[in-house]
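All residue numbers in this chain count up from 1 along the given sequence. First listed ligand is number 1; within each ligand, the first listed atom is number 1.
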Amino acid sequence: MAEIIVIGAGIVGLSAALALQRDGHRITVLDPAGPAGGASSGNAGWLSGASVVPMSYPGMLKSVPGWLMDPLGPLSVRWAYLPKATPWLWRFIKAGTRPQIERQATALRQLLGTSVEAHRELARRVGAQHLIQQQGSLWVYRTQAAFQADAGGAALRRARGVVVEDLDADAIRQLEPSLSREIKFARFVAENGHCTDPAALCHLIAEAIVREGGQILPERAVALDQRDGKVVSVRTDRANHPSDWVVLAAGAWSAPLAVQLGDRIPLETERGYHLEITDAQAMPRVPIMSGEGKFAATPMAGRLRLAGTVEFAGLAAAPDWRRAELLLRHAQALFPALPATIAEARLSRWLGHRPSTPDSLPVIGRSRQAANAIHAFGHGHVGLAGGPHSGRIVADLVAGRPPSIDLTPFSPGRF
Ligand SMILES: Cc1cc2nc3c(=O)[nH]c(=O)nc-3n(C[C@H](O)[C@H](O)[C@H](O)COP(=O)(O)OP(=O)(O)OC[C@H]3O[C@@H](n4cnc5c(N)ncnc54)[C@H](O)[C@@H]3O)c2cc1C
């Protein structure tokens, strides 16, 4: 039995902690913000094995200049932050060649293809079965041009075994009557699931970890003390914790700690927003992705969550809540039953930090410098879906078992 420190109590760290605990290890999870204090609470809740399309691909890059000209478009860069983001953005553009995209999509399918199954298994263990749904998800479009523009993404999914169904206007109406009649094109993926309360899920995992003898401490890891090629203790803002193994799962905040482990990872925060409407007048039956607005509308427990947009502005900049309002405006056009004015008391807003690498693949694997340190971060847009599987992989690496998938594409040394 080993003493293992997990840095970060998001879905990835908590899933790893739980999987390691099942192998009999003593677990301490460190997080100054507590469980679900980062991106894992306010995300769109999609458990999408179909999300294999990397963010950098030629079709998308063509749209970028237009998006950037519009301060409230789906993608924005705060100009003061541009010099800081440029090296990452350059790598991001370079990652979008056809052969790389094919490889990235295959790797993502390997990691995410079992998302719903992995979540169900985890949920059974922590009593969260009620939070995991499998009703499929729907990508919707007003115009044929937008529908066609996403055909490349659909082809990537189909080539990896995802069943993607094209729907005409009548079929859309039958499946999702809440949608505007202006929506004429859609693609449906039946295998997808969603989580109706990602924060509650994280809290239930955290409670299970504590129930089974682990501890979750509100501490920030600041230094990883190493001797003879191994981490011997994790120093925090409050204490020093000796450790046999360390798992680095601090989401968008992981890069400085990874540097201490000898791994320089290009990690950027793709800031995203949500706006939630409690007891919304329109409630889709299935999670919906707006092809034009590039945001998700997910039916959550008691509320409709609108989530999306990408903003490059770093970890510290204040939120730009206009980006959350933009989601509401898009949703009002998508769902006619949503009124033009909604009482402020029913709305809530959130900003989160997607931990993103230029090639849209997380970093999962041993550190190059410390043999007992494992990286598990950088899941970008798909960390909720990929968290439980990533956690199991971490436990396999600690146990010396062959992991369920080939980890070469996720290697910390690939950059
Ligand atoms: C708007 C939006 C919508 C999204 N929608 C989806 C979706 O539908 N499906 C999906 O799969 N993914 C989605 N994502 C992505 C997903 O939320 C993330 O990939 C995922 O939550 C990352 O999990 P994580 O555990 O790596 O990081 P986080 O949840 O961010 O957790 C990292 C934790 O580390 C802690 N930490 C930081 N520094 C330290 C330190 N020094 N010491 C200790 N702890 C530290 C932080 O406090 C934080 O709690 C979305 C993201 C956003 C922003």
Option among Q104, K94, Q100, R414 that satisfies the side-chain hydrogen bond (donor to acceptor under 3.5 Å, both in side chains) test with D359: R414
Heavy atoms only: which of P355, G383, A9 is nearest to atom 16 (C) of ligand 1? G383
Electrostatic pair R401-D23, nearest N-O below 4.0 angstrom: yes
Below 4.0 Å, non-hydrogen atoms only: which portion of H381 touches ligand 1? Side chain, backbone, both or neither. backbone
About how many Å separate OG of S76 and CZ of R323, when rounded to the nearest 0.5 Å? 3.5 Å
Any atoms of ligand 1 less than 4.0 Å from a non-hydrogen atom of I11? List them with their elements. 23 (O), 25 (O)
How does Y273 reach ligand 1, by side chain, by backbone, by both or by neither, if only non-hydrogen atoms under 4.0 Å count? backbone
Suppose we call two aromatic rings close when their centres sit under 6.0 Å apart. Are W350 and H274 close by that rule? yes
Distance from atom 26 (O) of ligand 1 to nearest protein heavy atom, with residue and atom: V12 CG2, 3.5 Å
Could you check whether Y141 and F185 have their ring centres less than 6.0 Å apart? no
Here the atoms of ligand 1 under 4.0 Å from any heavy atom belonging to A33 are 47 (O)
Electrostatic pair E191:R160 at N-O distance under 4.0 angstrom: no
Which is it for R271 and ligand 1 at heavy atoms under 4.0 Å: side chain, backbone, both or neither? neither
Please list the nearest protein heavy atom to atom 41 (N) of ligand 1 with its residue and the distance rounded to 0.1 Å. A221 O, 3.0 Å
Between S41 and G37 (side chain of the first, backbone of the second, donor and acceptor by atom type, cut-off under 3.5 Å), is there such a pair? no
Verify whether one side chain among R354 and T269 offers a donor that lies under 3.5 Å from an acceptor in the other. no
So, regarding A36 and ligand 1 (criterion: nitrogen or oxygen to nitrogen or oxygen, under 3.5 Å), is there a contact or not? no
By number and element, which atoms of ligand 1 are closer than 4.0 Å to a non-hydrogen atom of L30? 43 (C), 44 (N)
With atom 29 (O) of ligand 1 as the reference point, say which of S51, G308, S40 has the nearest heavy atom. S40
Which atoms of ligand 1 are found less than 4.0 Å from any heavy atom of V382? 10 (C), 11 (O), 12 (N)
Show the atoms of ligand 1 that are less than 4.0 angstrom away from any heavy atom in G380. 15 (C), 16 (C), 18 (C), 19 (O)
So which protein heavy atom does atom 45 (C) of ligand 1 come closest to, and at what separation? P32 CD, 3.8 Å
E219 touching ligand 1 at heavy-atom level, < 4.0 angstrom: yes
Looking only at protein heavy atoms, which one is nearest to atom 35 (C) of ligand 1, and how far off is it? D31 OD2, 3.2 Å
Note: ligand 1 atoms sitting under 4.0 Å from heavy atoms of R220 are 40 (C), 41 (N), 42 (N)
Ionic contact status for D228 with K230, cut-off 4.0 Å: no
May I ask which of A223, G251, A39 has a heavy atom nearer to atom 30 (O) of ligand 1 than the others do? A39
For salt bridge (charged side-chain N to carboxylate O under 4.0 Å, His left out), just list the numbers for R346 and D279, CA-CA rounded to whole Å, side-chain angles, deciding distance to a tenth of an Å, and then say yes or no. CA-CA 8 Å; R346 289 169 70 178; D279 294 328; 5.9 Å; no
Is it true that H353 and W253 have ring centroids separated by less than 6.0 Å? yes
Looking only at heavy atoms of A296, does any of them come nearer than 4.0 Å to an atom of ligand 1? no
To the nearest 0.1 Å, how far is atom 4 (C) of ligand 1 from its closest protein heavy atom, and which atom is that? N43 CB, 3.2 Å
Output yes when the distance from some N or O of ligand 1 to some N or O of G13 is under 3.5 Å, and no in every other case. no
Below 3.5 angstrom, do we get any N/O pair linking A307 and ligand 1? no
Are the aromatic ring centres of F377 and H375 under 6.0 angstrom apart? yes
Could you tell me if E270 and S356 have a donor-acceptor pair between their side chains, going purely by distance under 3.5 Å? yes
Is it true that E325 and R349 make a salt bridge, defined as a side-chain N closer than 4.0 Å to a carboxylate O? yes
Before we go on, tell me: are the rings of W139 and F188 under 6.0 Å apart, centre to centre? no
Is there a heavy atom in A252 that sits closer than 4.0 Å to ligand 1? no
Identity and distance of the protein heavy atom lying nearest atom 11 (O) of ligand 1: A385 N, 2.7 Å
Measure the distances from the heavy atoms of H274 to every atom of ligand 1 and state whether one is below 4.0 angstrom. no
Tell me which protein heavy atom sits closest to atom 9 (N) of ligand 1, plus the residue, atom name and distance to 0.1 Å. W46 O, 2.9 Å
Pair R78 + E311, salt bridge at N-O below 4.0 Å: yes
Nearest neighbour in protein (non-hydrogen) for atom 53 (C) of ligand 1: R354 CG, 3.5 Å
